[in-house]
Protein chains: 2
Amino acid sequence: MLTERQLLVLQIIIDDFIETAHPVGSRALSKKGSIPYSAATIRNDMADLEDMGFLEKTHSSSGRIPSEKGYRYYVDHLIAPLSSGQNIKIIRNIMKEGIYEFEQIVQMSAEVLSELTNYTSIIIGPELSETKLKQLEILPISNHTAVAILVTDTGHVEHRSITVPEKIDLSDLEKMVNILNDRLKGVPIIQLEKVFQKEIVGLLKRYINDFGSTQHYLQAIISQNNPVKLYIGGKSNILMQPEFNDVDKIRSFYTMIENENEIANLLKSKKDGIGISIGNENKVEAIKDLSLITATYQLGKDQMGTIALLGPTRMEYKKVISLLSSLSKELSEALYKWYKTSE
Amino acid sequence: MLTERQLLVLQIIIDDFIETAHPVGSRALSKKGSIPYSAATIRNDMADLEDMGFLEKTHSSSGRIPSEKGYRYYVDHLIAPLSSGQNIKIIRNIMKEGIYEFEQIVQMSAEVLSELTNYTSIIIGPELSETKLKQLEILPISNHTAVAILVTDTGHVEHRSITVPEKIDLSDLEKMVNILNDRLKGVPIIQLEKVFQKEIVGLLKRYINDFGSTQHYLQAIISQNNPVKLYIGGKSNILMQPEFNDVDKIRSFYTMIENENEIANLLKSKKDGIGISIGNENKVEAIKDLSLITATYQLGKDQMGTIALLGPTRMEYKKVISLLSSLSKELSEALYKWYKTSE
DNA sequence: GTTAGCACTCGTGTTATTTGAGTGCTAATA
DNA sequence: TATTAGCACTCAAATAACACGAGTGCTAAC
């Protein structure tokens, strides 16, 4: 069990290291006056804390730095959630702004988040699993081409250009779109393709000549390719952190951050509330020496997205946690206001 | 005036330096056998070339590296445009792929471009100045909100969520949209707002009760905020270049590349054809030690976009130039095929 | 005009040396 | 018994000293 003083020592060391990024030594601590004990006393506690695995040395005669276990203890027991009044204001101001659409709000949130912290922020848009089709439209652009536009009940718009097979004529197209709309409105996006196959293919075959060649076509319109959107802010901000003073680290960080799939998977698995993964607690190899703090936000009943900050394990956990939880709250509220009458 | 041999020396030195990134010395050159003269002879020519400003030394007893003037001479006189057969194939294959829409083609082009070169590629979407409105739609999502969708005659889709003022009722909205469509179809996107002000505001005032509160509203839908899209590929690719072995350079590169406005302006000013800016020839401070190669592509009559590669001044100009010119040709052709019947 | 030869330069890489902040341990102190 | 002072020891980082080698410029010979 840890004594009072050991707790204090641990806390001060971690705070100090988070601030300065330099190993902290007993003599310096004692001199700084933040703790009223002599260097020798502190030294003994440090040795104990190291034995217990909360601290580490970078080399045999260096000052101590927190281990991952140390950080873990710190965030679990030593952190007093800091209410970040001023930051909340900044966030609220974004939310207030007028005509932005959801995408823009999220994008801006990501940027501000990273601005305020100097870490890299990642926001993943809400999954569309529960979203339903509101309207499907196909607009001919020329003889060959058309745009298909899908609108969901949350106001999300997907569109894709397509080249139209020669054989289809305009009145047929109109007929098909009508049928599709009749049958597909209200169907969850994720099931569009299934419903199309089961209920509509047969129907259309009856009404449309030579439907075979068109089928694969409509299908392409309907089958969404993973529409989860990722917003990343401050990719270069993180270069300010001293742990990125090494070219190789930068390289590997950027190759990781550009691989959107990996990141998406990383965040999708997150549960409700605040999540903290420190260093090796992360399952993804590429960020095993970073920390990832996540928070979820709600859109409607059970759809949700995740906002996250990625930074060195030496992270300003206090600040980050309070920031993320306020942002997630604000974001949920803004979305709620936005969509509240749409259910 | 330069002698034959001096030209040869210059060319070989630049080629060599582009390949290895190491200053090249007379002895090594002579030994390598690519030129049948002794080190001393080469040395004399090098000294002359340096006097004329084509070469530089990194320090008093180092080998020579090309100066910016040297590169300039090289691209203007010494380069035989290399036909890159295999690369063209790769590019063609992208263009062939089926259902992609314009955005996707461009995105993929950017990625391939950077893949093939290890530089950072930038593609700027065609300006919408000449594009005309094809269809405007406003779809109510809930009591408060709606999505506005604008489709252009090139199949480009813009959309934005809006909150609807309480006062407007649905039938009014429908009326307004009809009027807007009637009057605005075929109007160039860029003039939408002007036409709206001049021709439509008056009209709507007559038909709609309490139009004042709605006006600012519709306007927000119509006024596009700079819809020029930027596609950047291989932001991290460029880290492979040895000139980016310095953390500060990386930092400044990334802060630059994330500033989309600056980049957009950089590219927008480019004239037709291939453009080469070496080092200080660039007007933008942040890339004064890089080279930027640009090529334009056409969409229709006079709309165009720009594709570009950004890399160290020690760039594989031969390869890059041929690659860019084939890509711009292919891109224009693909777009032409895509839209040819839409005019 | 070309080349060989030679003295000189200077970045790079290696090895020694010094310095200073840190540690662990033991003995003295409150 | 808990704390502190004192001391010998460690090691990273900074500095200096040195050799090496690829390069240059210049002069004289071919």
Side-chain angles (χ1 to χ4, degrees), chain A residues 1-10 12-14 16-17 19-67 70 242-243 245-247, chain B residues 1-10 12-14 16-17 19-67 70 242-243 245-247:
Chain A
M1 209 30 225
L2 292 174
T3 70
E4 277 299 308
R5 197 180 55 215
Q6 284 170 339
L7 284 181
L8 185 62
V9 169
L10 180 58
I12 292 182
I13 289 178
I14 297 187
D16 196 315
F17 183 71
E19 190 183 341
T20 66
H22 294 303
V24 1
S26 55
R27 192 190 239 60
L29 255 197
S30 169
K31 267 187 190 154
K32 226 185 69 181
S34 40
I35 186 170
Y37 294 95
S38 78
T41 310
I42 297 173
R43 208 140 58 224
N44 291 330
D45 284 341
M46 283 170 138
D48 292 346
L49 286 165
E50 186 179 358
D51 286 344
M52 290 181 273
F54 294 118
L55 296 179
E56 287 173 352
K57 285 188 270 193
T58 62
H59 59 89
S60 77
S61 73
S62 79
R64 302 305 207 292
I65 64 172
S67 68
E243 18 276 286
N245 251 336
D246 167 27
V247 182
Chain B
M1 210 29 227
L2 291 174
T3 69
E4 277 299 308
R5 197 181 56 215
Q6 284 171 339
L7 284 181
L8 184 62
V9 170
L10 181 57
I12 292 182
I13 289 179
I14 298 186
D16 196 313
F17 183 70
E19 188 183 341
T20 66
H22 294 304
V24 3
S26 56
R27 192 191 239 59
L29 255 198
S30 169
K31 265 187 191 154
K32 227 185 68 181
S34 40
I35 188 172
Y37 293 96
S38 78
T41 310
I42 297 175
R43 209 139 57 222
N44 291 331
D45 284 341
M46 282 170 140
D48 293 345
L49 286 166
E50 187 180 357
D51 286 343
M52 289 183 275
F54 294 117
L55 294 179
E56 287 173 353
K57 285 189 273 195
T58 63
H59 59 88
S60 76
S61 73
S62 79
R64 301 305 207 292
I65 65 173
S67 69
E243 18 277 284
N245 250 336
D246 167 27
V247 181

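Residue numbering restarts at 1 for every chain, and letters A, B, ... go by the order of the sequence lines.
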Response to the item:
Between His59(B) and Arg5(B), whichever has its closest DNA chain C nucleotide further toward 5' is Arg5(B)

Worksheet item: Closest approach of Thr58(B) and Pro23(B), non-hydrogen atoms and distance?
Response: CG2-CG, 4.2 Å

Discussion item. Please check this pair: side chain of Thr41(A) against backbone of Tyr37(A), looking for a donor-acceptor N/O pair closer than 3.5 Å.
Written reply: no

Item to complete: Please assess Met52(A) against Leu49(A) for the test side chain to side chain contact (heavy atoms under 4.5 Å, CB included), listing each intermediate value before the final yes or no.
Response: CA-CA 5 Å; Met52(A) 290 181 273; Leu49(A) 286 165; 4.2 Å; yes

Fill in: Heavy-atom closest pair, residues Glu56(A) and Ser67(A)
OE2-CB, 3.6 Å

Practice prompt. In whole angstrom, give the distance that lies between atom CD of Glu4(B) and atom C1' of dT2(C).
Written response: 18 Å

Worksheet item: With respect to Asp45(A), which candidate in Leu10(A), Val9(A), Ile35(A) satisfies the side chain to side chain contact (heavy atoms under 4.5 Å, CB included) definition?
Response: Val9(A)

Discussion item. I need the Arg27(A) CZ to Ser38(A) OG distance, nearest 0.5 Å.
Written reply: 10.5 Å

Worksheet item: How would nucleotides 22-27 of chain C be written as a contact map, 5' to 3', with B for base contact, S for sugar-phosphate-only contact and - for no contact, using protein heavy atoms under 4.0 Å?
Response: BBBB--

Discussion item. One pair to check against side chain to side chain contact (heavy atoms under 4.5 Å, CB included): Lys57(B) and Arg64(B). What are the steps and the verdict?
Written reply: CA-CA 5 Å; Lys57(B) 285 189 273 195; Arg64(B) 301 305 207 292; 3.4 Å; yes

When you compare the protein's N or O atoms with those of nucleotides 13-19 of chain C, which come within less than 3.5 Å of each other, and at what distance?
none

Worksheet item: Just how far is it from atom CD1 of Ile13(A) to atom CG of Asp16(A), taken to the nearest 0.5 Å?
Response: 8.5 Å

Fill in: Contacting residues from residues 32-39 of chain A, given that a heavy atom lies under 4.0 angstrom of DNA chain D
Tyr37(A), Ser38(A)

Practice prompt. Indicate the atoms forming the closest heavy-atom contact of Phe17(A) with Ile65(A), along with that distance.
Written response: CE1-CG2, 3.5 Å

Worksheet item: Any idea which heavy atoms bring Met1(A) and Gln6(A) closest together, and the distance?
Response: O-OE1, 4.1 Å

Worksheet item: How long is the line joining CD of Gln6(B) and P of dT2(C), in whole Å?
Response: 10 Å

Item to complete: For Leu29(B) and dT3(C), give me the distance from atom CG to atom P, rounded to whole Å.
Response: 14 Å

Discussion item. Holding to side chain to side chain donor-acceptor pair (under 3.5 Å), I want the full list of residues that pass it with Arg43(A), two or more places apart in sequence or in another chain.
Written reply: Ser26(A)

Worksheet entry | Under the side chain to side chain contact (heavy atoms under 4.5 Å, CB included) test, residues paired with Glu19(B) that sit two or more places apart | none

Discussion item. For a quick test of reading the model, state the closest non-hydrogen atom pair linking Pro66(A) to Ile14(A) and the distance between them.
Written reply: CG-CG1, 3.8 Å

Polar-atom pairs under 3.5 Å, protein N or O versus N or O of nucleotides 14-16 of chain D: list them with distances, or write none.
none

